[in-house]
**Q** 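Below is the structure I would like to discuss, written out as structure tokens.
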Amino acid sequence: MGTNEVGGVHYHSDTEIVGSERMVTYSGPLSGPLNKKSGNKKTAKFNIAEPAGSAVKPGISTSDEEPYVEVILDVREDSVAVHSVKPSADDHEDHVEMTLLGKGLEKNQSPKGSSVVRTASARIKQVSQELKRMASFSKQAVAAPHPRRRFDRTQSAAAPALKGLKFISKTDGNAGWPAVEKKFNQLTASSNGLLPRSLFGECIGMNKESKEFAGKLFDALARELDIKEDSITKEQLNEFWAQISEQGFDSRLQTFFDMVDKDADGRITIEEVKEIISFSASANKLSNIQNQADEYAALIMEELDPDNLGYIMIDSLETLLLQGPEETAVRGKDSRNLSKMLSQKLKPTREHPLRRWCSNVKYFLQDNWKRVWVVTLWVGIMAGLFAYKYVQYRNKAAYEVMGHCVCMAKGAAETLKFNMALILLPVCRNTITLLRNKTKLGIVIPFDDNLNFHKVIAIGIGIGVGIHGISHLACDFPRIIHASSDKYELMKPFFGDDQPSNYWHFLNSLEGVSGIVMVVLMAIAFTLAAPCFRKGQLKLPEPLKKLTEPLKKLTGFNAFWYSHHLFIIVYVLLIIHGVYLYLTKEWYKKTTWMYLAVPLTLYAGERLVRALRSSIKPVKILKVAYPGNVLALHLSKPQGFRYHSGQYMFVKCAAVSPFEWHPFSITSAPGDNHLSVHIRIVGDWTQQLKTVFSQVCQPPPSGKSGLLRADHMQGADNLIFPKVLIDGPYGAPAQDYKNYEVVLLVGLGIGATPMISILKDIVNNIKAIEEEGEDMDALENGAPSRISKVGSGSSQLGLHNFKTKRAYFYWVTREQGSFDWFKGAMNEVAELDHNRVIEFHNYCTSVYEEGDARSALIHMLQTLSHAKNGVDIVSGTRVKSHFAKPNWREVYKRIALDHTNATVGVFYCGLPAPANELRQLSHDFSHKTTTQFDFHKENF
């Protein structure tokens, strides 16, 4: 047993401590508010000994005039928490005894060693810090008759929370240190090995948005290690890292408490709460919460400081962190076993490569049989046409001069005629919508892939153009130019008596000019249709960016739209090119026009219908709003305008462009008496549309964001809105949701638009079915019918085809402001969904995942606000939000367990990357479980 002295306080440290529990006792007067007298300096002794029987109470000489209390601290791992504060029960009224009931004073690894002496010293240092904080307790704490109750950590809700409050994403601090050390060396290369406070967050892996939060963490750790400077060495950083990567919850809780308690007095005031709310909101990009920091700070104080003491303690913070929301459903033992069995099934297994290949082929055909037979038929037709023309010219005189080249050119030309006709059919939207709605062809034809098939045909056209052009230019023409006189005799009926001597003879002809112009125009259209050009996301090396800056205007949707309309010129030239052929003179053998006649007529009819329908059925703008970065338009519903939820329509605003039509999903339900679309401002056309409407709408009142809602129903008749035309509705994959009893609806950002309409429709249909059943009962009893109309877009017959009984809606967005887009609609659906058919899940990916220290306070606020007001602080709706990205595998797993032997319709609208993951998960779970997942993706 050795004796040490720190700051005038004596303690004894036992270098032979082995046990798992220790008793630490303290006897002496408290300074500060609990000891009003000053003068004599007291000495305290700390004894660390085995708890063999009773607590050790070292005798200590002290003045009887000073007040004493008995304070019991609870030591767990690296933290010290107040267990109770009460007047001493000793014979002497003023005698004090402080007892620390501790666990886990065993060896703890540290960056500089793991000796028991250092461990004990660290514990004593924490005890001394706790004593300093206790010195500032008020007299109310002294008079408290009952000790504070600690939260029961054995409760089920506490289990996940105990794993949370992490300051770093890695769970193994030792594994993460080399990367931090490397970053430290990079950041301090020019600063003499000192890391400034401003770079601390970057060094430990936090992003720029967490800079202020990292600063608060730096300050808390610096106070704990008694560092006064704003810069630290590598050794000090190592100590910081050991603290924030500590696995014990108590240690992380203490560090978090110290972050909030910036004056280190052991109490958190409302101002400190307000400050940490602001920093947490900033780190998670939650501007709305940041603006309401005062309100939310008051909410926390109201909950955790019921006695209005003006501060909260660490045990209150612990209770709020660990209590968490109640679980909505608790699975039984059988469900847990099923979950384990399902997890085992989903694990990849080792099998023979040939068997695995056969299984993959089998699954591929099962999942894509409709696509496979359509593409196989298309390829077979092209192969047949190519072979037909190849054999035909193999037996003609031209073969004697040009050989196989002319056969290749003519075979490719025949496939080109077929593909140039076929490529128009997938974009005949009215025809496809009619076939989808009125026939059963959707069972065998993948109408959802119409645009994908359009792109595949375009690739076929590109290949055909290449073979046709190269065969002529590189083979046929040179052979004619260099043919002998005898062989050229065979070509005189086609090319004239004078043998061509150069390329100019061919290029200067009508056939040559029309062919070259067609190739150039198609190259322009194909290039600007590429995703990188169409979406304006072309990435170039830095040196080329300045040179290509003027070319940015040639990218984007407008460039794609206008360049695609060059097809009018292309088809005119194609017909001319097909009439003036070198080797074919009989009109009935010139078949280009025959291929094109029907598709061109059908497509022209489609465009005519669009023009007539949009002009004959005018719409009136009823309401305009601008929530977030989205323009919401509410339009009158034209007479006879019938549509299904999930469908879309085209919108044109002549004030922006007299020619451009843009597709938008319909967000209103068929039962609504209006049409609505939500248009995100992301491109040239949408930006101009917003500008046009902002000139009409009045500015927002103070405290409101976006445009003031101009409501026709509330006296806005004097407003003159820009003229808007609509064309539609058109079929989309999401409209088939009614065919499934269980649906999984996934929307990313503005991709939630078709899902909102579906949610409304589900509620309306279920309500109508219930009323229909009640009405049938009433009719049997002689009462009059009271069936309410579902809406002009639905029929009572359609109710009998409605199968959906359960819906899971996942909306994933990056920005908090996005939830304003459909706040009213989601609240309405949640209120009308009495039977809880729809399960809502909102995800805000800008917020760090639950368990991260940067989102801990946001989670606390969310729990308190939702419990008190029923409103989520992130989304502003009744639906409680989740943080970060969903674990899609767990989502599928839960649905598969809840709906065995069922077919689940998965409908997705959003970016391509998540679609690939969802599609793959649909395939995996369909093949390895009894639940079938049918994946559908929106295509525009």
Side-chain angles (χ1 to χ4, degrees), residues 368-378 381 418-461 529 560-561 564-565 567 571 595-614 617 638 640-652 661-666 670 675 677 726-739 753-754 757-758 793 798 801 905 907-909 915 934-940:
N368 302 280
W369 67 270
K370 288 193 281 188
R371 297 185 182 97
V372 169
W373 87 259
V374 169
V375 172
T376 301
L377 178 63
W378 173 64
I381 292 174
F418 170 69
N419 283 329
M420 288 296 290
L422 185 63
I423 198 170
L424 294 173
L425 298 183
V427 291
C428 290
R429 293 182 173 88
N430 286 303
T431 303
I432 292 177
T433 301
L434 181 67
L435 294 175
R436 181 197 289 269
N437 294 340
K438 302 298 183 181
T439 71
K440 299 293 184 180
L441 289 176
I443 298 175
V444 294
I445 298 177
F447 289 123
D448 294 351
D449 292 313
N450 62 319
L451 291 184
N452 291 331
F453 190 45
H454 177 79
K455 296 172 185 177
V456 170
I457 297 171
I459 294 173
I461 290 174
F560 157 76
W561 193 88
H564 245 57
H565 281 73
F567 80 93
Y571 276 100
Y595 279 99
L596 300 177
V598 173
L600 280 177
T601 302
L602 182 62
Y603 187 80
E606 290 253 344
R607 299 302 291 261
L608 182 61
V609 168
R610 169 183 290 186
L612 293 176
R613 184 167 54 189
S614 61
K617 297 181 178 180
F641 190 94
R642 297 180 180 275
Y643 66 98
H644 300 287
S645 288
Q647 292 186 331
Y648 67 97
M649 64 184 183
F650 281 84
V651 176
K652 182 175 79 169
W661 291 87
H662 292 260
F664 298 100
S665 295
I666 303 173
L675 295 174
V677 290
I726 64 171
D727 174 46
Y730 291 108
Q735 76 177 64
D736 295 329
Y737 84 92
K738 292 182 180 181
N739 299 331
T753 47
S757 177
I758 291 174
N801 297 325
F907 297 91
Y908 171 79
C909 185
D934 292 346
F935 181 79
H936 307 267
K937 178 183 178 297
E938 294 290 326
N939 296 299
F940 289 109

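Fair warning: this is a prediction, and the values are worked out from it, not measured in the lab.
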**Q** Kindly give the heavy-atom pair with the smallest separation between L425 and L602, and that separation in Å.
**A** CD2-CD2, 3.9 Å

**Q** Run the side-chain contact (heavy atoms from CB on, under 4.5 Å) check on L675 and M649 step by step: do they pass?
**A** CA-CA 10 Å; L675 295 174; M649 64 184 183; 4.3 Å; yes

**Q** If you measure from CG on N419 to CD1 on I381, what distance do you get to the nearest 0.5 Å?
**A**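 The distance works out to 9.5 Å.
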
**Q** As a quick check of understanding, evaluate side-chain contact (heavy atoms from CB on, under 4.5 Å) for V456 and W378, giving each step before the final call.
**A** CA-CA 10 Å; V456 170; W378 173 64; 3.6 Å; yes

**Q** I'd like to know whether the aromatic ring centres of Y603 and Y571 sit less than 6.0 Å apart in this structure.
**A**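 For Y603 and Y571, the ring centres are not under 6.0 Å apart.
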
**Q** Any donor and acceptor pair, going by atom type alone, linking the side chain of Q647 with main-chain N or O of I666 inside 3.5 Å?
**A** no

**Q** Salt bridge check, K455 against D449: does any charged N sit closer than 4.0 Å to a carboxylate O?
**A** no

**Q** Quick one: pull up CG in L596 and CG in L422 and give me the separation to the nearest 0.5 Å.
**A** 11.5 Å

**Q** How long is the gap from CZ on R429 to CZ on F650, to the nearest 0.5 Å?
**A** 3.5 Å

**Q** Supply the atom-to-atom distance D934 CG to N739 CG, rounded to the nearest 0.5 angstrom.
**A**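 The CG atom of N739 is 10.0 Å from CG of D934, to the nearest 0.5 Å.
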
**Q** Got R436 and D448 here, is their nearest side-chain heavy-atom distance under 4.5 Å?
**A** yes

**Q** To the nearest 0.5 Å, how far apart are NE2 in H644 and CG in D736?
**A** 9.0 Å

**Q** If you take all heavy atoms of I432 and P426, which pair is closest and at what distance?
**A**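 Closest heavy-atom pair between I432 and P426: CD1-O, 3.2 Å.
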
**Q** At their closest point, which heavy atom of I726 faces which heavy atom of F641, and how far apart are they?
**A**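 Residues I726 and F641, closest heavy atoms: CD1-CE1, 4.0 Å.
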
**Q** For H564, what residues pass the ring-ring contact (aromatic ring centres under 6.0 Å, His included) criterion, not counting sequence neighbours?
**A** F560

**Q** Taking the six-membered ring of Y730 as reference, does the NZ or CZ atom of R613 fall below 6.0 Å from its centre and within a 45° cone about the axis?
**A**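 Flagged: R613 positioned over aromatic ring of Y730.
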
**Q** Which atom names give the shortest non-hydrogen contact between A915 and Y908, and what distance separates them?
**A** CB-CE2, 3.5 Å

**Q** If you compare all heavy atoms of S645 against all heavy atoms of Y737, which two are closest, and at what distance to 0.1 Å?
**A**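 That closest heavy-atom pairing would be CB-CE2, 4.2 Å.
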
**Q** Taking salt bridge (Lys or Arg N to Asp or Glu O under 4.0 Å) as the cut-off, I'd like each qualifying pair that reaches into residues 595-604, sequence neighbours left out, listed once.
**A** none

**Q** Nearest 0.5 angstrom please: N437 CG to Q735 CD, how far?
**A**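 Between atom CG of N437 and atom CD of Q735 there are 5.0 Å.
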
**Q** If I compare all heavy atoms of I443 with all of K370, which pair ends up nearest, and what's the gap?
**A**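 The answer is O-CD, 3.2 Å.
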
**Q** Can you check whether L600 reaches Y595 side chain to side chain, under 4.5 Å on heavy atoms?
**A**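 L600 vs Y595: side chains apart.
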
**Q** Check step by step if side-chain contact (heavy atoms from CB on, under 4.5 Å) holds for W369 and V444.
**A** CA-CA 9 Å; W369 67 270; V444 294; 4.2 Å; yes

**Q** Quick check against the 3.5 Å criterion: does H662 have a side-chain atom that pairs as donor or acceptor with the backbone of V651?
**A** no

**Q** Hey, is the main chain of A732 close enough, under 3.5 Å, to the side chain of E938 for a donor-acceptor pair?
**A**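 No, E938 side chain to A732 backbone: no donor-acceptor pair under 3.5 Å.
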
**Q** Check step by step if side-chain contact (heavy atoms from CB on, under 4.5 Å) holds for F447 and L441.
**A** CA-CA 9 Å; F447 289 123; L441 289 176; 4.0 Å; yes

